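What follows is a set of notes on a single structure, which appears directly below.
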Number of protein chains: 2
Amino acid sequence: MDKIDRSIVYLLQKDGKITIKEIAERLNLTTTPIFERVKKLEREGYIKSYKAILDRKKIGLQLMVFCNVTLNLHQTDYLKKFEKDIQQFPEVVECYHVAGMFDYLIKIYAEDMERYQDFLSNKLASLENISKVQSSFVMTEVKDSTYLPIP
Amino acid sequence: MDKIDRSIVYLLQKDGKITIKEIAERLNLTTTPIFERVKKLEREGYIKSYKAILDRKKIGLQLMVFCNVTLNLHQTDYLKKFEKDIQQFPEVVECYHVAGMFDYLIKIYAEDMERYQDFLSNKLASLENISKVQSSFVMTEVKDSTYLPIP
DNA sequence: TATTTTTAAAGAATATTATTCTATTTTAGT
DNA sequence: ACTAAAATAGAATAATATTCTTTAAAAATA
């Protein structure tokens, strides 16, 4: 990753649909080197994928909730079981095993409070080994950045 | 948003680089209606943007941390001040104002613990009005889904 | 039910972009 | 300075996006 590569991933983070030609123009190069650099960045895994970013509210997902989950038992088998179960739920879009005041942080999307309650009562809380669940409801999305702070 | 539109955004969430032609083939339509539907979804804001997804570890960001931030004063002016300040930090990739046990949840990327400590001590904790900061370090990314649970 | 109006889709033509290939230049190592 | 490797330019080709015209389907109205 040299300076040119960093410029390329910066531009692609901002707009995944930017053309090779446009990147080339901005960096004062021709399409060939840009094309090959992009392919290399993809091949070597610096660029994992390209995605369309949807507006969750427009598609009807009014609620975004973070849950701090604490388990009872922490042996590997129990963790693996929980992780496998939680992945099945489409409402759960992110799940992290964390070191801190609780065990897992999960991000959930729901259409409304009723659906969230249904998820909580009938899905999450129904899993074995759950000790405590603490919900934080998102009121405002202050920042949701496109850019990783590329060192 | 009819059935076809939902199929389109589903495919675009999975792969933002999928061609109009390929979507058309999968949905047994020609390129024209797909092209127009995609443009409409973009124009009306269902699709907000397209982005390249980078591998944070490959680009040197070993640490991912969530912080629960609690403020002292909660009048609008103080909240706005904090929100404005926190947005400046490139390390902070997400920030949400939440209702729950604390005020703000922020997601941070850092190269290593040293850089994180520097961020915490010299940037975050230096802001006025901070009452409490609780860090949770991500050990495992159990799930990081491409797909919103489209209703 | 027949008729009009609107919307969606097909098919063909054109414009743009991605991709490949060959030749040239630059860079790093000896 | 010389050699080898890597990077880039420029041109040619392939694939895709985009536009345009025509046709079909659906919805609304009388």
Side-chain angles (χ1 to χ4, degrees), chain A residues 1-61 111 144-151, chain B residues 1-61 111 144-151:
Chain A
M1 288 271 283
D2 62 7
K3 204 159 194 161
I4 297 171
D5 286 334
R6 273 190 286 275
S7 299
I8 291 172
V9 296
Y10 173 82
L11 291 170
L12 283 171
Q13 271 194 108
K14 192 156 63 175
D15 176 12
K17 273 278 172 70
I18 191 173
T19 62
I20 298 285
K21 195 187 161 198
E22 197 171 333
I23 298 173
E25 282 165 8
R26 297 222 198 157
L27 304 183
N28 292 317
L29 288 167
T30 55
T31 61
T32 312
I34 301 297
F35 175 80
E36 280 173 1
R37 279 168 178 272
V38 169
K39 289 300 153 196
K40 193 176 179 190
L41 288 165
E42 290 171 2
R43 201 170 52 240
E44 296 182 352
Y46 293 93
I47 298 168
K48 284 200 294 185
S49 60
Y50 297 88
K51 292 181 188 176
I53 309 301
L54 306 187
D55 186 317
R56 68 172 170 89
K57 287 189 182 170
K58 283 224 109 180
I59 63 172
L61 298 164
E111 288 179 70
D144 188 2
S145 179
T146 322
Y147 311 111
L148 302 196
I150 302 168
Chain B
M1 287 270 285
D2 62 5
K3 205 158 192 162
I4 296 173
D5 286 333
R6 272 191 287 276
S7 300
I8 291 173
V9 296
Y10 174 82
L11 291 171
L12 283 171
Q13 270 194 108
K14 193 156 64 175
D15 176 13
K17 273 279 172 68
I18 190 173
T19 61
I20 299 285
K21 194 186 161 198
E22 197 171 333
I23 298 173
E25 282 164 7
R26 297 221 197 159
L27 304 184
N28 291 316
L29 287 167
T30 55
T31 59
T32 311
I34 301 298
F35 175 79
E36 281 173 1
R37 279 167 177 272
V38 170
K39 288 301 154 194
K40 193 176 179 191
L41 289 164
E42 291 170 2
R43 201 170 52 240
E44 295 182 351
Y46 293 93
I47 297 168
K48 284 201 293 186
S49 61
Y50 297 88
K51 292 182 189 176
I53 308 301
L54 305 187
D55 186 317
R56 68 170 172 91
K57 288 190 182 168
K58 283 222 111 180
I59 62 172
L61 298 164
E111 288 180 70
D144 188 2
S145 178
T146 321
Y147 311 109
L148 302 196
I150 302 168

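Atom set for the values below is all heavy atoms of this structure, side chains included, hydrogens, waters and symmetry mates excluded. All figures in this text were calculated on a predicted structure; none of them were measured in a lab.
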Smallest heavy-atom separation, Thr31(B) atom then Ile20(B) atom, equals O-CG2, 3.6 Å

Specify the residues of residues 34-52 of chain B, ordered by number, for which at least one heavy atom lies under 4.0 angstrom from an atom of DNA chain C. Arg37(B)

Write down the atom of Gly45(B), the atom of Asp55(A), and the distance for their closest heavy-atom approach. O-CB, 3.2 Å

Where do Lys51(A) and Gln13(B) come nearest, in terms of heavy atoms and distance? CG-O, 3.5 Å

Side-chain donor/acceptor of Lys58(B) to backbone N/O of Glu44(A), under 3.5 Å: yes

Applying ring pair (Phe, Tyr, Trp, His ring centres under 6.0 Å) as the test, list every pair that has at least one member in residues 5-48 of chain B; sequence neighbours left out. Tyr10(B)-Tyr147(B)

Pull out every residue in residues 12-32 of chain A that has a heavy atom closer than 4.0 Å to any atom of DNA chain C, ordered by number, or say none. Thr19(A), Ile20(A), Lys21(A), Thr31(A), Thr32(A)

Here the gap from Ile4(B) atom CD1 to Arg37(B) atom CZ, rounded to the nearest 0.5 Å, amounts to 4.0 Å

Check this for me: does any side-chain nitrogen of one of Glu36(B) and Lys40(B) sit under 4.0 Å from a carboxylate oxygen of the other? no

